[in-house]
Amino acid sequence: MNSNTPAQDRLIIFDTTLRDGEQSPGASMTKVEKLRIAKALEKMKVDVIEAGFAIASPDDFEAVRMIAEAVRDSTVCSLSRALEKDIDSAARALQPAASGRIHTFIATSPIHMKYKLQMQPEAVIEQAVKAVSMARNLVADVEFSCEDAGRSELDFLCRIIEATIEAGARTINIPDTVGYAIPEQFGLLIKTLMERVPNASKAIFSCHCHNDLGLAVANSLAAVSNGARQVECTINGLGERAGNAALEEVVMAVRTRPDLFDLTTRIDTRQIVPASKLVSTVTGFPVQPNKAIVGANAFAHESGIHQDGVIKHRETYEIMKAEDVGWHANSLVLGKHSGRNAFKTRLHDLGYSFSSDLELNEAFARFKDLADKKHEIFDADLQAIVSDTQSAAGEERFRLVSLRVCSETGTTPEAKVVMTVDGEEKSAVAVGGGPVDATYSAIEMIVSSGLMLQLYSVNNVTQGIDAQGEVTVRVELNGRIMNGVGADTDIVIASAKAYIHALNIVLSEDRKAHPQSQV
């Protein structure tokens, strides 16, 4: 800990799941999905929610605006390049916010300035100052990021940071954009900047670390130890390439090691696991079982010695309580005799709402169908139902009507698929190496999409032999990568739903372009 750091400082948690996290190939989210995640982040008491990149597309603009309107207890932020049109778009999208922030950035490393910006260093400083000044005239809260700071020259960083603080930036973000930094080096960079920049005391220093070398969390904690008081992170470490620093790991490291980090956050850690599950379901990116904090095995003990120790005294092998981060035994919440109001009320308690009675009725119909197949309905089942319903909303050029599969030892599996295409019912029969292969072949006979299947995975939604299976597929078409998700107690039906979900996303004519600029 830096000896000059006041005791019990507060660490600001800046979540960029909805912006940088969405830049993971295949992780694009709809406006409704983004709003659901934003409300979960607000419930977790995240300080700043980076809702998107308003200039990237009309969909991104609308998502930022919707979140700014709905979220009252967290600052809502929009990213913008150091360009007038970006800043204006961000400000307009943030207009309804109770607390809004514009996060503007420009590249500062020699390689980026020369090859990407094709600008001289003096011009970069001038543009950064102009952008911050403009943003400061539109909102009270402005953050400035030095893109690729980890490979930037120290003297130049000091100059541009001093100038942007003078122009009105109250948060200075130091990103390790390409995941190049090593903890000791990155911590020293933060410390040196805070010591050398004359007006550093007028701004909060922040870090934004990528995980290309598996060091995003370590670099973030090194920055915090050396004076950074904001960490930019994502749920489950979601993000471009190898991802970002994982929010859950940063928060729990600070909370678990008060001897090293004399800091507080306002995060309600009990909301970490629910938020993790929501993000995983929405994006179709499963959480690996051995993932710290939120993985299924994070608090599991297989070794007899470990089990014996935990039974005698939990802290022998556990440094955190599972319930403190939101793990708890699933309890039966609803059954086949539950009514529509009970269903709606329970989902409201879980943080879900519906945009229309039609959507609610569709979800309730799926619940009743599941209740006929499954004796115990858990919260995770309800989350899967909502995700399944809202994923389909507004995108259903293609819809599964029925599926019949014949798979028997010694015979070639065969599938008959009936589906609607733009409202017209069509069917096809195909064979394949297995029931799922046959099903996908039949779907392709109908739609002739040319999709290339890159990933197929199955995860159980809850425990038990009658658990719903959640299938995730990753598909590619002409360079576009998208995920599809489907859930059902029948894995083959779930597989068909996932593939059709992906079709609806990839072949929808009004899908937004994927934002490529990042810090």
Side-chain angles (χ1 to χ4, degrees), residues 14-38 40-41 46 49-53 56-57 59-60 63-64 67 77 79 103 105 147 175-179 208-217 220 231-250 275-288 291-295 387 391 451-457 459 470-485 498 501-502 505-506 511-519:
F14 177 115
D15 182 274
T16 184
T17 303
L18 299 174
R19 201 277 300 170
D20 205 339
E22 195 197 20
Q23 289 179 196
S24 299
S28 286
M29 310 168 207
T30 65
K31 297 189 292 283
V32 171
E33 289 168 342
K34 284 189 172 186
L35 183 58
R36 284 169 58 198
I37 291 173
L41 295 173
V46 164
I49 300 170
E50 191 164 48
F53 194 174
S57 72
D59 266 4
D60 246 36
V64 174
I67 293 167
C77 176
L79 186 71
H103 178 191
F105 73 96
E147 184 183 7
D176 180 24
T177 302
V178 293
H208 177 119
C209 298
H210 281 263
N211 207 39
D212 298 71
L213 295 176
L215 295 171
V217 170
S220 298
V231 174
E232 305 197 357
C233 42
T234 61
I235 300 296
N236 300 337
L238 191 68
E240 196 155 25
R241 305 184 312 277
N244 287 43
L247 178 149
E248 59 276 6
E249 296 176 24
V250 171
S276 168
K277 290 182 176 179
L278 174 61
V279 169
S280 177
T281 298
V282 166
T283 61
F285 281 50
V287 176
Q288 68 201 58
K291 167 74 173 65
I293 317 298
V294 294
S387 181
S391 292
L451 291 186
M452 296 293 293
L453 185 64
Q454 293 191 336
L455 175 89
Y456 173 88
S457 68
N459 293 279
E470 189 170 70
V471 173
T472 301
V473 297
R474 183 174 300 166
V475 299
E476 184 268 332
L477 181 66
N478 299 327
R480 294 189 67 203
I481 298 173
M482 286 288 174
N483 283 345
V485 183
H501 179 213
I505 294 173
V506 173
R511 296 300 294 179
K512 70 179 181 68
H514 212 294
Q516 292 302 316
S517 297
Q518 77 284 335
V519 297

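In this chain, numbering begins with 1 at the start of the sequence shown.
- When the side-chain contact (heavy atoms from CB on, under 4.5 Å) test is applied to Ser276, the partners found at least two apart in sequence or on another chain are Ile235, Asn236, Val287, Val294.
- In this structure, OG1 in Thr281 is found 10.0 Å from CD in Glu33, a value given to the nearest 0.5 Å.
- Although no hydrogens or angles enter the test, the distance criterion places no donor-acceptor pair under 3.5 Å between the side chain of Thr234 and the main chain of Gly21.
- Here the side chain of Asn244 pairs no donor or acceptor atom with the backbone of Gly237 at under 3.5 angstrom.
- Residues Val473 and Ala502 share a closest heavy-atom pair of CG2-CB, 4.1 Å.
- For the pair Ser457/Pro286, a side-chain contact is recorded, criterion being any heavy-atom separation below 4.5 Å from C-beta on.
- Ala216 and Asn211 get closest at one heavy-atom pair: N-OD1, 3.0 Å.
- The CD atom of Gln23 lies 10.5 Å from the CG atom of Leu238; values are rounded to the nearest 0.5 Å.
- You'll find the side chain of Val64 stays beyond 4.5 Å of the side chain of Ile67, heavy atoms only.
- For the atom pair CG of Leu215 and CG of Asp176, the computed distance is 9.0 Å after rounding to the nearest 0.5 Å.
- For Asp15, the side-chain hydrogen bond (donor to acceptor under 3.5 Å, both in side chains) partners at least two apart in sequence or on another chain are Thr17.
- Legend: residues meeting side-chain hydrogen bond (donor to acceptor under 3.5 Å, both in side chains) with Gln288, ordered by chain and number and at least two apart, are Asn290.
- Of all non-hydrogen atoms in Phe285 and Ser280, the two that sit nearest each other are O-OG, 2.8 Å.
- The shortest heavy-atom contact between Thr283 and Val279 is OG1-O, 2.7 Å.
- Side-chain N or O atoms of Glu470 include none that pairs as donor or acceptor with a backbone N or O of Thr472 at under 3.5 Å.
- Side-chain atoms of His501 and Asn483 include no donor-acceptor pair closer than 3.5 Å.
- Side-chain rings of His208 and Phe14 stay apart, their centers remaining 6.0 Å or farther from each other.
- Although no hydrogens or angles enter the test, the distance criterion places a donor-acceptor pair under 3.5 Å between the side chain of Asp60 and the main chain of Phe53.
- When all heavy atoms are compared, the tightest approach of Ala245 to Ser220 is CB-OG, 3.6 Å.
- Expressed to the nearest 0.5 Å, how far CD of Glu476 lies from CG of Leu451 amounts to 8.5 Å.
- For Thr16, the side-chain hydrogen bond (donor to acceptor under 3.5 Å, both in side chains) test picks out Glu50, with sequence neighbours left out.
- When each of Ile481, Val506, Ile505 is tested with Val475 by the rule side-chain contact (heavy atoms from CB on, under 4.5 Å), just one qualifies, namely Val506.
- The two residues Val471 and Ala498 come nearest to each other via the heavy atoms O-CB, 3.5 Å.
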Could you go step by step and tell me if His103 and Glu232 meet the side chain to side chain contact (heavy atoms under 4.5 Å, CB included) rule?
-> CA-CA 12 Å; His103 178 191; Glu232 305 197 357; 3.9 Å; yes

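- Between Met482 and Leu477 the shortest side-chain heavy-atom distance does not fall below 4.5 Å.
- For Leu455, the side-chain contact (heavy atoms from CB on, under 4.5 Å) partners two or more places apart in sequence, or in a different chain, are Arg474.
- The backbone N or O of Gly52 lies less than 3.5 Å from no partner atom in the side chain of Glu22, so there is not a single donor-acceptor pair.
- Partners of Asp212 under the side-chain hydrogen bond (donor to acceptor under 3.5 Å, both in side chains) rule, at least two apart in sequence or in another chain, are Arg241.
- Lys291 is linked by a salt bridge (Lys or Arg N to Asp or Glu O under 4.0 Å) to Glu248, Glu249, counting only residues two or more places apart in sequence or in another chain.
- Listed by chain and number, the residues in a side-chain contact (heavy atoms from CB on, under 4.5 Å) with Ala40 are Leu278 (sequence neighbours excluded).
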